[in-house]
There are 2 protein chains.
Amino acid sequence: MQEAYRALADPHRRTILRVLRGGEETAGDLASATGLRPAALTHHLTVLKLADLVRVERRGQYQVYSLNTTVFQDLVSEVLSWLTEPIPADGTPLPKSGDST
Amino acid sequence: MQEAYRALADPHRRTILRVLRGGEETAGDLASATGLRPAALTHHLTVLKLADLVRVERRGQYQVYSLNTTVFQDLVSEVLSWLTEPIPADGTPLPKSGDST
DNA sequence: GTAGTATTTCAGTAATTACTTAAATACTGA
DNA sequence: TCAGTATTTAAGTAATTACTGAAATACTAC
């Protein structure tokens, strides 16, 4: 999962993911959507592929990118689990708010 | 939100957040939980504070950290919304799988 | 083949990040 | 006040990251 969290940290990459939620797009379309130059876009797409968040397929002249919804859902589920599965505190007592002096 | 996404990108910071899910902890306890040296821990806590994901309160000798559940839930909600609110594709047609030559 | 379009790779650079040690600060209890 | 504990700040370094322009690759249509 580390690669997926890392992938989310960049706003351009989150834009790419959001655009791909609407369906597959060519690399060129993603470049327009993000305002990135080709080489910079490729860099971000590489990070997203490393995280297995997107898939590519060559279609003629184009590279067509799409969301790998499986991994994407796993990621969301993991973050969500943080809300629903609290980790019990260990027994170590902590000073209470009025405790000092 | 950018700061929050950035904060999630580091595994030590995710550990800190998970530990705090179980209740407030002193900086020292968090250092033990993560295996970080004091100065490195402070660095990560600063990032988490910047993202408003954690709060601190001095309690005597200790600094007691806790989750800011509001922001934390906002973050989870936003990620979750990516699954439930697809962005409609624009009208631009894309080449279909069999299209080439 | 050749020209044109789409995309990636390469090599280098600037900015950011995580970390270190040492010193400073904030508090406690005697 | 002093010694001790907890934590942060400061200054520097090494690694990582995002980006650039230029060259290379992959394909299409003639």
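A note on names: the letters A, B, ... follow the listed sequences, proteins ahead of strands, and every chain is numbered from 1.
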Between C1' of D:dT7 and CG of B:L45, the distance in whole Å:
10 Å

Sub-4.5 Å side-chain heavy-atom contact between B:I16 and B:L41
yes

Integer-rounded Å distance: D:dA6 P and B:Q61 CD
6 Å

Return yes if a side-chain donor-acceptor contact under 3.5 Å exists between A:D29 and A:T26, otherwise no.
yes

Given atom NE2 of B:H44 and atom P of D:dT7, what is their separation to the nearest angstrom?
16 Å

Take the C1' atoms of the five end pairs on each side of the helix from C:dG1-D:dC30 to C:dA30-D:dT1, get both axes, and report the angle to 10 degrees.
30°

Pair up each side-chain donor or acceptor in residues 31-39 of chain B with any protein partner under 3.5 Å, not counting sequence neighbours, and list the distances.
| from | atom 1 | to | atom 2 | distance (Å) |
| --- | --- | --- | --- | --- |
| B:S32 | OG | B:G28 | O | 3.1 |
| B:T34 | OG1 | B:L30 | O | 2.8 |
| B:T34 | OG1 | B:A31 | O | 3.3 |
| B:T34 | OG1 | B:L36 | N | 3.3 |

Any side-chain N or O of B:R37 under 4.0 Å from OP1/OP2 of C:dT21?
yes

Rounded to the Å, how far apart are A:L41 CG and C:dT7 C1'?
9 Å

May I have the distance from B:Q63 (atom CD) to C:dT28 (atom P), rounded to whole angstrom?
12 Å

With a 4.5 Å cut-off on side-chain heavy-atom distances among I, L, V, M, F, W and Y, is there a chain of contacts connecting A:V71 to A:L50?
no

Given atom CD of B:E25 and atom P of D:dA6, what is their separation to the nearest angstrom?
15 Å

Give every donor-acceptor pair under 3.5 Å between a side-chain atom in residues 2-10 of chain B and any protein atom, sequence neighbours left out.
| from | atom 1 | to | atom 2 | distance (Å) |
| --- | --- | --- | --- | --- |
| B:Q2 | OE1 | A:R14 | NH1 | 3.1 |
| B:Q2 | OE1 | A:R14 | NH2 | 2.7 |
| B:Q2 | NE2 | A:A9 | O | 3.0 |
| B:E3 | OE1 | B:R6 | NH1 | 3.4 |
| B:Y5 | OH | B:E78 | OE2 | 2.8 |
| B:D10 | OD1 | B:H12 | N | 2.7 |
| B:D10 | OD1 | B:R13 | N | 3.2 |

Looking at B:R55 and B:E57, is there a salt bridge between them, counting it only when a charged N and a carboxylate O are closer than 4.0 Å?
no

Enter the distance from B:T69:OG1 to B:L53:CG here, rounded to the nearest 0.5 Å.
10.5 Å

Test of understanding: with ring-ring contact (aromatic ring centres under 6.0 Å, His included), list the residues that count as partners of A:H43, not counting sequence neighbours.
none

To the nearest angstrom, how far is A:L36 atom CG from C:dT8 atom C1'?
15 Å

Just N and O in the side chain of A:Y65: are any of them under 4.0 Å from OP1 or OP2 of C:dT8?
yes

Selection residues 21-41 of chain B - residue pairs positive for ring-ring contact (aromatic ring centres under 6.0 Å, His included), sequence neighbours left out
none

Would you mind reading off the distance between B:I16 atom CD1 and D:dT7 atom P, rounded to a whole angstrom?
13 Å

Find every protein N or O atom lying less than 3.5 Å from an N or O atom of nucleotides 10-17 of chain D, and list the pairs.
| from | atom 1 | to | atom 2 | distance (Å) |
| --- | --- | --- | --- | --- |
| D:dT17 | OP1 | A:R6 | NE | 3.3 |

When you match A:R58 and A:A40 each to their closest nucleotide on DNA chain D, which lands nearer the 5' end?
A:A40

